[in-house]
Amino acid sequence: KNLAVELLKKLVNDEIKERHRKNVVESEKFSKMLEKTVNRYNTRTITAAMVIEELIELAKKINKAKGRGEELGFSEDELAFYDALETNESAVRELGDKALRNIAKELAEIIKKNVTIDWTLRENVQAKLRVLVKRILRKYNYPPDKQRKATETVLKQAKVLCEGWPK
């Protein structure tokens with residue numbers, strides 16, 4: 001095993017885990033990129049030098065992603081919800097960026113107001129949040145066939161984010 005490759009892979013993976021605490025969708029995207037690069041190296045499709053180069057590029061993308069929210073005028077929480085909504089390409093096409101931005105801001109606000117300390121354990125609170133999320137999605141005409149997946153992704157994101165929110 002190439003020690004430099006292993007060390008760089010671990011560092012990138014640690015960065016991805018750190019991003020997971022803030023943005024589930026983004027971390028999943030970076031995890032897939034890392035996995036693809038490592039698989040190509042393990043199958044000898046690329047050399048150690050090439051994998052190191054790709055891992056460095058991936059690390060740069062992760063670092064750049066950290067400042068993406070500011071560039072877009074979002075808080076970290078709003079960006080995470082925006083990314084959760086943006087995974088649906090048809091919604092992006094149909095609604096446009098402005099609507100998705102508004103939805104993300106509203107979701108961040110409404111979820112912060114409605115989470116309780118034990119909300120991840122209480123089904124009634126989760127059900128209330130699900131209804132609130134769906135209501136916001138309908139308000140902006142989010143594609144009905146994609147609302148269920150979007151709601152699940154938003155709630156998954158909320159579970160990760162709320163761990164860092166003050167109670």
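- Residue Glu123 qualifies as enclosed at atom CD: its count of foreign heavy atoms under 6.0 Å is above 12.
- What you find for Ala80 and Asn23 is that their closest heavy atoms are CA-ND2, 3.5 Å.
- Around CD of Glu152, the count of heavy atoms belonging to other residues, nucleotides or ligands within 6.0 Å exceeds 12.
- Under the 4.5 Å side-chain criterion, counting only non-hydrogen atoms from C-beta, Asp77 is not in contact with Ile111.
- Cluster membership for Leu95 and Val25, using ILVMFWY side-chain heavy atoms within less than 4.5 angstrom, is not shared.
- Using a 4.5 Å heavy-atom cutoff, the side chains of Tyr142 and Lys134 are not in contact.
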Salt bridge (Lys or Arg N to Asp or Glu O under 4.0 Å) between Glu6 and Lys9, intermediate numbers included: CA-CA 5 Å; Glu6 292 302 313; Lys9 182 176 96 176; 3.6 Å; yes
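- Using a cutoff of 4.0 Å between basic side-chain nitrogens and carboxylate oxygens, Glu109 and Lys112 are not scored as salt-bridged.
- Here the straight-line distance linking atom CD of Glu86 with atom OG1 of Thr153 works out to 12.5 Å at 0.5 Å rounding.
- Scanning both residues, Ala104 and Glu78, for their nearest heavy atoms gives CB-O, 3.5 Å.
- No more than 12 heavy atoms of other residues, nucleotides or ligands sit less than 6.0 Å from atom CZ of Arg135.
- With respect to Glu57 and Lys60, a salt bridge is recorded, a charged nitrogen being found less than 4.0 Å from a carboxylate O.
- Using a 4.5 Å heavy-atom cutoff, the side chains of Phe81 and Lys105 are not in contact.
- Note that CZ of Arg40 and CD of Glu35 are 13.0 Å apart. Values are rounded to the nearest 0.5 Å.
- In this view, Lys156 and Val24, Glu28 satisfy the side chain to side chain contact (heavy atoms under 4.5 Å, CB included) rule, not counting sequence neighbours.
- If you take NZ on Lys10 and NZ on Lys17, they are separated by 6.5 Å, rounding to the nearest 0.5 Å.
- Looking at heavy atoms from C-beta onward, His20 lies in side-chain contact with Val160 at the 4.5 angstrom threshold.
- Separating the NZ atom in Lys113 from the CG atom in Leu129 is a distance of 13.0 Å, to the nearest 0.5 Å.
- Linking Ile, Leu, Val, Met, Phe, Trp and Tyr whenever their side-chain heavy atoms come within less than 4.5 Å leaves Val131 and Tyr140 in two separate clusters.
- Between the side chain of Arg138 and the backbone N or O of Gln147 there is no donor-acceptor pair closer than 3.5 Å.
- Annotation for Leu34: hydrophobic cluster partners, listed by chain and number, are Val5, Leu8, Val12, Ile16, Phe30, Met33, Val38, Tyr41, Ile46, Met50, Val51, Ile52, Leu55, Ile56, Leu58, Ile62 (ILVMFWY side-chain heavy atoms under 4.5 Å, direct or chained).
- Atoms OG and NZ, on Ser27 and Lys32 in that order, are 10.5 Å from each other to the nearest 0.5 Å.
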Working note: Leu155 + Arg130, criterion side-chain contact (heavy atoms from CB on, under 4.5 Å); need CA distance, chi angles, decisive distance, verdict. CA-CA 7 Å; Leu155 290 178; Arg130 215 173 281 114; 3.8 Å; yes
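- Interatomic distance, Leu72 CG to Asp97 CG, rounded to the nearest 0.5 Å: 7.5 Å.
- In this structure, the side chains of Lys22 and Leu79 stay at 4.5 Å or more apart for every pair of heavy atoms.
- A salt bridge links Glu15 with Lys66: the distance from a Lys NZ or Arg NE/NH1/NH2 to an Asp or Glu carboxylate oxygen falls below 4.0 Å.
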